[in-house]
Amino acid sequence: MKYIFVSGGVISGIGKGIATASIALLLKSAGYKVAPLKMDPYLNVDAGTMNPLAHGETFVLDDGRETDQDLGHYERFLGESLNSTNIATQGSIYLSVIQKERNLEYDGDYVDIHNVTQEILERINEAGKSRNADIVLVEIGGTAGEYQNLLFLEANRLLKLKKHDDVIHIHVTYLPVPSFLGEMKSKPAQMSVKDLNSAGIQPDILLARSPLSIDAPRAKRLSFNTGIEPEDIIPAPDVNNIYEIPLLYESSNLTNRILEKLKLKRKNKDLKEWRKFVSQVESAKTKVKIGIVGKYFTSGAGVLVDSYISVIEALKHAAYSLGLKPEIDWIDSGKLLEDINQLKDYQGIIVPGGFGSRDIEGKIEAIKYCRENKIPYFGLCYGMQLAVVEYARNVLGLDGANTTEVDAKTRYPVIHIMSDQQKKLLEKDYGGTMRLGAWVCSLKENTLVRELYGTFGKLSAGKTTISERHRHRYEFNNEFMGKFLTNGLRIAGTSPDGKLVEIIELKNHPFFVGTQFHPELKSRPLEPHPLFLGFIKAAAKVQIGT
Ligand code: GLN
């Protein structure tokens with residue numbers, strides 16, 4: 001097995017995850033089986049207990065593991081579903097070491113930091129073995145020079161000492177272009193390489209992130225100071241379209257440089273489909289305008305954080321593959337009640353996942369507006385639950401109907417909590433208590449979603465079940481099922497035993513679909529999600545099936 005470590009330098013947020021995902025795709029396209037592994041420095045055991053405001057989106061895997069958006073990038077670029085072996089937080093590593101110590105697995109030895117680095121190395125091998133990989137691609141979270149990720153770098157150093165020819169290190173660094181100077185500066189990048197050196201790591205390849213492409217004189221200067229060959233300093237300028245990045249790297253010969261260093265031969269060169277998608281992105285002209293109605297997620301500095309990155313990417317995948325250019329606006333549900341008519345400018349509306357009671361009345365109004373004005377509506381998880389609430393209040397006449405998440409005492413709890421989840425909440429056992437990960441859903445005949453999965457999904461003839469990813473505590477309350485059914489709401493998908501409602505839709509509407517799961521988590525550039533395709537088609541008024 002070969003190993004590639006990827007670290008970041010100078011500042012966070014320079015796109016190390018996308019760089020890693022791009023490298024994974026390039027190595028796959030060269031004919032190798034790749035296992036990506038994100039090593040996160042934080043001490044949370046998983047990302048489920050983290051506030052999306054601080055951390056961005058929680059990305060859920062098939063096996064229910066709650067991770068961060070980098071796993072989303074890996075899946076989208078690789079076009080493969082990953083599992084718990086592809087993520088390790090420092091907290092989960094310490095937890096294993098301490099559990100082993102408690103189980104006397106260290107034979108009475110004292111347990112210290114080297115057991116932690118050993119555990120890290122075990123995780124790396126596990127990631128490779130579980131995918132039968134040729135190459136494990138380890139992304140080290142955090143930035144070079146900080147304490148938090150030192151043990152990951154130490155594991156890298158030890159592995160390199162043991163398997164010199166099988167381990168390389170790629171450093172994603174940053175070269176600023178300060179506006180008062182107007183030129184690119186390489187000093188911070190030199191310093192970040194020095195930081196790695198002091199941890200015993202000499203990077204083999206540098207990805208030079210910058211607003212502009214690094215030029216030859218600067219690459220040469222950086223090379224003098226870091227000992228990295230100029231041809232191993234790869235330009236990585238800002239781009240508008242992240243899916244272009246693998247192609248940029250490929251044109252700078254990155255794949256060949258990596259393979260040469262790992263003493264591997266290129267078996268294949270298969271980027272045809274990817275190129276096709278990227279050119280679709282570039283050539284799309286006709287706009288389709290979509291509004292996402294949600295709480296306005298800004299960090300303290302007023303910056304919009306990536307809380308819904310998978311929803312946005314899923315919209316892009318579907319739109320571009322149909323030759324359309326998505327224009328996606330954020331609509332603040334808090335301000336929607338002041339002027340609901342602002343929705344008339346949109347061809348389709350999404351209410352994405354969410355938690356808690358803030359601003360839900362604005363979302364419910366938006367759903368009502370879409371239902372009444374026949375604007376395509378797609379509700380994702382909370383967006384489905386609130387569509388049920390809206391229907392109960394305004395069509396069934398159940399005044400004050402609600403989800404018990406918002407109003408525990410409502411007379412009409414049309415969305416409620418399952419009893420086993422209720423017990424866990426009372427015990428204050430929050431971590432990992434939701435319905436998480438992939439669950440099978442069986443689709444009903446003669447529904448729009450059945451048609452969409454059949455036309456665009458990979459549903460083989462006669463098959464009526466799909467599998468989608470979940471992350472929620474509340475469910476449709478079956479006590480009200482009869483009332484909904486007799487009043488025009490369709491239950492288009494349920495769990496195979498029929499007990500849990502998975503999909504609702506409306507008849508006589510161009511597209512009104514709500515899913516209890518998160519379809520956005522399974523959408524990929526080369527495999528847009530059938531329901532997102534249906535939604536975008538309806539929004540752009542394109543005939544389904546064409
Ligand atoms: N808050 C809702 C629940 O827990 C929906 C969650 C979500 O949208 N992911 O059931």
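Both counts, for ligands and for their atoms, begin at 1 and track the order of listing.
- Looking at Asn241 and Tyr243, their side chains never bring a donor and an acceptor atom within 3.5 Å of each other.
- Under the 3.5 Å distance criterion, with hydrogens and angles disregarded, no donor-acceptor pair is assigned to the side chains of His73 and Glu313.
- Among residue pairs with one or both ends in residues 73-94, those qualifying as salt bridge (charged side-chain N to carboxylate O under 4.0 Å, His left out) are Lys28-Glu80, Lys33-Glu80, Glu75-Arg469, Glu75-Arg524, Glu80-Arg131; sequence neighbours excluded.
- Residues of the protein with a heavy atom under 4.0 Å from ligand 1 are Gly353, Gly354, Phe355, Cys381, Tyr382, Gln385, Glu405, Arg471, His472, Arg473, Tyr474, His518, listed by chain and number.
- Between Val293 and Ile367, the closest side-chain pair of non-hydrogen atoms is not below 4.5 Å.
- Put simply, the residue from Thr486, Val414, Val501, Leu489 that forms a side chain to side chain contact (heavy atoms under 4.5 Å, CB included) with Met481 is Val501.
- With hydrogens and angles ignored, the 3.5 Å screen pairs no side-chain donor or acceptor of Tyr453 with any backbone N or O of Thr465.
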